[in-house]
Trainee: 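Dropping the structure in here first, questions after.
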Amino acid sequence: MPKKFQSPGGMHDVFGREYDYFEKIREVVCRNARIYGFEGIETPIMEDKRVFARTVGEQTDIVEKEMYAFKTKGGDDVALRPEGTAPIMRAYIEHSLYTKPQPVKFFYFKPFFRYERSQAGRYRQFWQFGFEVIGKGGPVVDAQIIKLIHNIFKELGVKNVMVEINNMGDEKCREDFHAALKKYLKKESNLLCADCKRRMKKNPLRALDCKKCVKIKENAPQILDYICKKCKEDFKRTLEFLEEVGVPYDLNPFLIRGLDYYTGTVYEFFASGKEEEDEGAPLALGGGGRYDGLSEVLGDEARPATGAAVGVERTILAMKESGFKMEKERPQVFIAQLGDLAKKKSLTLFEEFKNNNIPVSESFAQDSLKSQMARAGKLGATITIIIGKEEAAEDMVILRDMDSGQQEKVQTSETVKEVKKRLKEKKN
RNA sequence: GCGGCCGUAGCUUAACGGUAAAGCACUCGGUUGUGGUCCGAGAGCAUGCGGGUUCAAGUCCCGUCGGUCGCCCCA
């Protein structure tokens, strides 16, 4: 008995309705990205492992336990990309893109890989779209990317999108804050839940984001009191720009991003979907921020940079929750044929429609008219062209209005013209 | 990596420990060449996989793989 194969764990086939969602999002993203002056970029699906280890952070879960890393036959350590920013920075440096007019703006829409237990909106192969602006930056750029993503969500019908924003400070001010926070947490450790006590060492910042440890937040040192003048000024201006373009945001002084390369302003997008108080934290749709230090980690000069990425599967979840209706593209015209001569004429006619940019469906592989009509009905065709033996012989076709059932014979040569006319009438 | 729940046809679900069913979907019919309704028929390598208990396992037990939810973390 043949064994049935399954797709690898946490990875899915995308087709049918799901594919329609993907295509819709891709279309909206690409169009908006172009308008905002982003160019597309494709980087290899894998990179030298160090590209991620150094940038994302050796201590992060992504690098420590979630990377699909392996040795090639040649002995190179490579990893399937777990995220999109580091590869793009690598490409920027490798191709000396700082010799281009700055900043360089890239967008992408592609799959990423992280080896972890799958869960709602979390897969081992997942898709993200994202934007990166490298070489020249400033608060206005951050605000514009947030606005861009906000627009995309709006166009995709995702309701109740919330932006949470914070400033993590640059490396220097962050260090001061970390020290102060650690000291505080140590002193107040009796307020911490068991989980937070455990993560004290590795990730003390998480305590501030913990739902159980509410009390600890009250007197905790705030990052915003520790960041330097420049960070503070940048942050303030970003917020002003956001107000200018009408993007509502929540200041979240406890927002922390999981990747090491972030500096300064950071933000995450949430869709608050159905409000159910005691449910877990709403799923983050995406996030981003400044990463001015990244280029140096990869061995280049300092380059101001900022970017954001959004999860496609999570966006689809949010679209569905928001009641977004995927309107299926229905064929307007269907060609049904009967007999060999009619089949030949159908092929020619099909090409003629194609040349006129009118999408046409067919089921040439089926011979019985009945099943072809059934197919046309199922697809939702507006007009069906029927070419029977008789019609083929006299060089005519039947146009059938699928709603009213009315039929009319026209010359084969007039078919496209007549169909166009009818479709137009239908629209009005 | 850890814990809860789940795994029967393409899909949604039945089956007291005793012959594995139904609906939807699919294909074909309901006389010569006409769909979305109706009627009929057909087809389908279905109990995820491997062990165990039992006269007998879809059903109970163990393992494993997958899914799902949560933890961790994150998109």
Side-chain angles (χ1 to χ4, degrees), chain A residues 1-12 15-17 56-57 59-66 81-85 110-130 149 193-196 198-199 202-203 205-206 209-212 256-259 268-271 279-288 308-318 334 336-339 342 361 363 366-392 398-407:
Chain A
M1 206 167 66
K3 192 178 179 179
K4 271 192 188 175
F5 290 106
Q6 295 177 305
S7 63
M11 300 188 181
H12 299 274
F15 60 96
R17 246 170 77 80
V56 174
Q59 308 300 316
T60 60
D61 274 15
I62 292 179
V63 168
E64 261 188 358
K65 48 184 216 194
E66 294 174 6
R81 59 184 176 214
E83 62 96 44
T85 301
K110 53 195 181 185
F112 294 94
F113 305 85
R114 290 183 200 171
Y115 190 86
E116 55 187 331
R117 275 297 283 273
S118 58
Q119 204 180 102
R122 192 175 83 177
Y123 306 101
R124 288 182 177 172
Q125 173 175 341
F126 59 99
W127 289 68
Q128 288 188 338
F129 62 84
I149 292 175
C193 70
D195 282 337
C196 287
R198 184 167 43 76
R199 38 184 182 224
K202 199 175 128 194
N203 201 350
L205 293 166
R206 287 286 305 173
D209 203 23
C210 177
K211 282 183 293 289
K212 288 181 215 152
I256 296 304
R257 303 236 65 215
L259 289 65
E268 283 183 7
F269 294 87
F270 295 93
E279 272 199 27
L283 215 51
L285 294 172
V310 177
V312 174
E313 289 86 350
R314 291 185 180 187
T315 300
I316 292 174
L317 281 179
F334 186 97
Q337 39 68 41
L338 208 58
S361 300
S363 188
Q366 279 173 309
D367 290 327
S368 106
L369 185 55
K370 185 167 180 165
S371 43
Q372 291 183 74
M373 291 304 292
R375 182 67 170 275
K378 235 159 243 168
L379 289 171
T382 312
I383 294 175
T384 296
I385 297 165
I386 303 166
I387 311 178
K389 285 174 188 150
E390 220 175 90
E391 289 77 24
I398 296 171
L399 298 189
R400 180 183 175 88
D401 182 314
M402 292 300 273
D403 298 325
S404 66
Q406 281 183 341
Q407 300 192 169

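Residue numbers start from 1 in every chain, and the chains themselves are labelled A, B, ... in the order their sequence lines are given, proteins ahead of strands.
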Trainee: Please report the distance, rounded to the nearest Å, between CZ in Phe15(A) and P in G10(B).
Mentor: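 Distance check: Phe15(A) CZ to G10(B) P gives 12 Å.
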Trainee: Using atom P in both nucleotides, what's the gap between C38(B) and G52(B) to the nearest angstrom?
Mentor: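 C38(B) and G52(B) have their P atoms separated by 50 Å.
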Trainee: Check the distance between C2(B)'s C1' and Tyr115(A)'s OH and give it to me in whole angstrom.
Mentor: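 Atom OH in Tyr115(A) sits about 14 Å away from atom C1' in C2(B).
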Trainee: Working to the nearest 0.5 angstrom, can you tell me the gap between Leu285(A) CG and Ile316(A) CD1?
Mentor: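 Reported to 0.5 Å precision, the distance equals 11.5 Å.
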Trainee: Using the P atom on both, measure U19(B) against C62(B) and round to a whole Å.
Mentor: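 Here U19(B) and C62(B) have their P atoms 25 Å from each other.
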Trainee: For the P atoms, the ones on G30(B) and on C11(B), what distance do you get once it is rounded to whole angstrom?
Mentor: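 Roughly 32 Å separates the two P atoms.
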Trainee: Looking at side-chain heavy atoms only, is the closest gap between Arg122(A) and Arg314(A) below 4.5 Å?
Mentor: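 Yes, their side chains come closer than 4.5 Å.
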Trainee: Grab the CZ-P distance between Arg17(A) and C11(B) for me, whole Å please.
Mentor: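 So the two atoms are 17 Å apart, to the nearest Å.
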Trainee: Can you tell me which residue among Ile398(A), Leu399(A), Asp401(A) is in a side chain to side chain contact (heavy atoms under 4.5 Å, CB included) with Gln407(A)?
Mentor: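 Single side chain to side chain contact (heavy atoms under 4.5 Å, CB included) partner of Gln407(A) among Ile398(A), Leu399(A), Asp401(A): Ile398(A).
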Trainee: Figure out the CD/C1' separation between Gln125(A) and A75(B), and round it to whole Å.
Mentor: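 To the nearest whole Å, that distance equals 14 Å.
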Trainee: CZ/Arg400(A) to CZ/Phe334(A) distance, rounded to the nearest 0.5 angstrom?
Mentor: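 If we round to the nearest 0.5 Å, Arg400(A):CZ and Phe334(A):CZ are 13.0 Å apart.
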Trainee: Whole Å only: how far is the CD atom of Glu66(A) from the C1' atom of C72(B)?
Mentor: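 Distance check: Glu66(A) CD to C72(B) C1' gives 9 Å.
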Trainee: Look at the side chain of Arg81(A) and the backbone N and O of Pro111(A), then say whether any donor-acceptor pair between them is shorter than 3.5 Å.
Mentor: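 Confirmed, Arg81(A) side chain pairs with Pro111(A) backbone.
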Trainee: Could you check how far CD of Glu116(A) sits from P of G1(B), rounded to whole Å?
Mentor: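 Spelled out: CD on Glu116(A) to P on G1(B) is 12 Å.
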Trainee: Determine the Euclidean distance between corresponding P atoms of U8(B) and U27(B); express it in Å to zero decimal places.
Mentor: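 That atom pair is separated by 25 Å.
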Trainee: Drop me the distance from Arg114(A)'s CZ to Arg124(A)'s CZ, to the nearest 0.5 angstrom.
Mentor: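 Separation between the atoms: 13.5 Å.
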Trainee: If the P atom of C5(B) is compared with that of A21(B), how far apart are they to the nearest Å?
Mentor: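 Each nucleotide's P atom is 31 Å from the other's.
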Trainee: Ring-on-base stacking between Phe126(A) and A75(B), under 5.5 Å between centres and under 30° between planes: is it there?
Mentor: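 The ring of Phe126(A) is stacked on A75(B).
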Trainee: Let me know the distance between CZ of Arg124(A) and C1' of C65(B), rounded to the nearest Å.
Mentor: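 About 12 Å, once rounded to whole Å.
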Trainee: Return the orientation label for the Phe112(A) and Phe126(A) ring planes: parallel under 30°, perpendicular over 60°, tilted otherwise.
Mentor: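 Plane angle between 30° and 60°, so tilted.
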Trainee: What's Gly380(A) touching, base or sugar-phosphate or nothing? Going by heavy atoms closer than 4.0 Å.
Mentor: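 If one applies the 4.0 Å heavy-atom cut-off, Gly380(A) turns out to touch nothing in the nucleic acid.
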Trainee: What closest approach, in Å, do Gln372(A) and Ala336(A) show between heavy atoms, and which atom pair accounts for it?
Mentor: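 Scanning both residues, the minimum pair turns out to be OE1-CA, 3.3 Å.
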Trainee: Return one dot-bracket line describing RNA chain B 5' to 3' (Watson-Crick or G-U wobble pairs, both distances under 3.5 Å; ( ) same strand, [ ] crossing, | another strand, . none).
Mentor: (((((((..((((....[..)))).(((((.......))))).....(((((..]....))))))))))))....
Trainee: Please give the distance between the P atoms of G70(B) and G36(B) as a whole number of Å.
Mentor: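 These two P atoms come out 43 Å apart once rounded.
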Trainee: Mark up nucleotides 27-36 of chain B, 5' to 3', with B wherever a protein heavy atom is under 4.0 angstrom from a base atom, S wherever such an atom reaches only the sugar-phosphate, and - elsewhere.
Mentor: -S-B--BBBB
Trainee: Under the 3.5 Å rule, do the base of G70(B) and the side chain of Arg117(A) count as making a donor-acceptor pair?
Mentor: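 It does not, because no donor-acceptor pair links the side chain of Arg117(A) to the base of G70(B) below 3.5 Å.
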Trainee: Which part of the nucleic acid, if any, lies within contact of Phe112(A), taking any heavy atom under 4.0 Å across all strands shown: a base, the sugar-phosphate backbone alone, or nothing?
Mentor: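 Contact class for Phe112(A): none.
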Trainee: On a whole-Å scale, what distance lies between the P atoms belonging to G1(B) and U13(B)?
Mentor: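 30 Å, rounded to whole Å.
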Trainee: Mind checking the P distance from G18(B) to A57(B)? Whole angstroms is fine.
Mentor: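 Between the two P atoms, the distance is 11 Å.
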Trainee: In Å and rounded to the nearest 0.5 Å, what is the CD to CD distance from Gln125(A) to Glu313(A)?
Mentor: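 Going from the CD atom of Gln125(A) to the CD atom of Glu313(A) covers 8.5 Å.
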Trainee: Distance criterion of 3.5 Å, no angle test: do you see the side chain of Arg122(A) paired donor-to-acceptor with the base of C69(B)?
Mentor: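 No such pair is found, so the answer is no.
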Trainee: Is any N or O donor-acceptor pair between the side chain of Gln119(A) and the base of A75(B) shorter than 3.5 Å?
Mentor: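 Such a pair does not exist between side chain and base.
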Trainee: Less than 4.5 Å apart, side chain to side chain, heavy atoms only: is that true for Thr384(A) and Met373(A)?
Mentor: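 Yes, side chains in contact.
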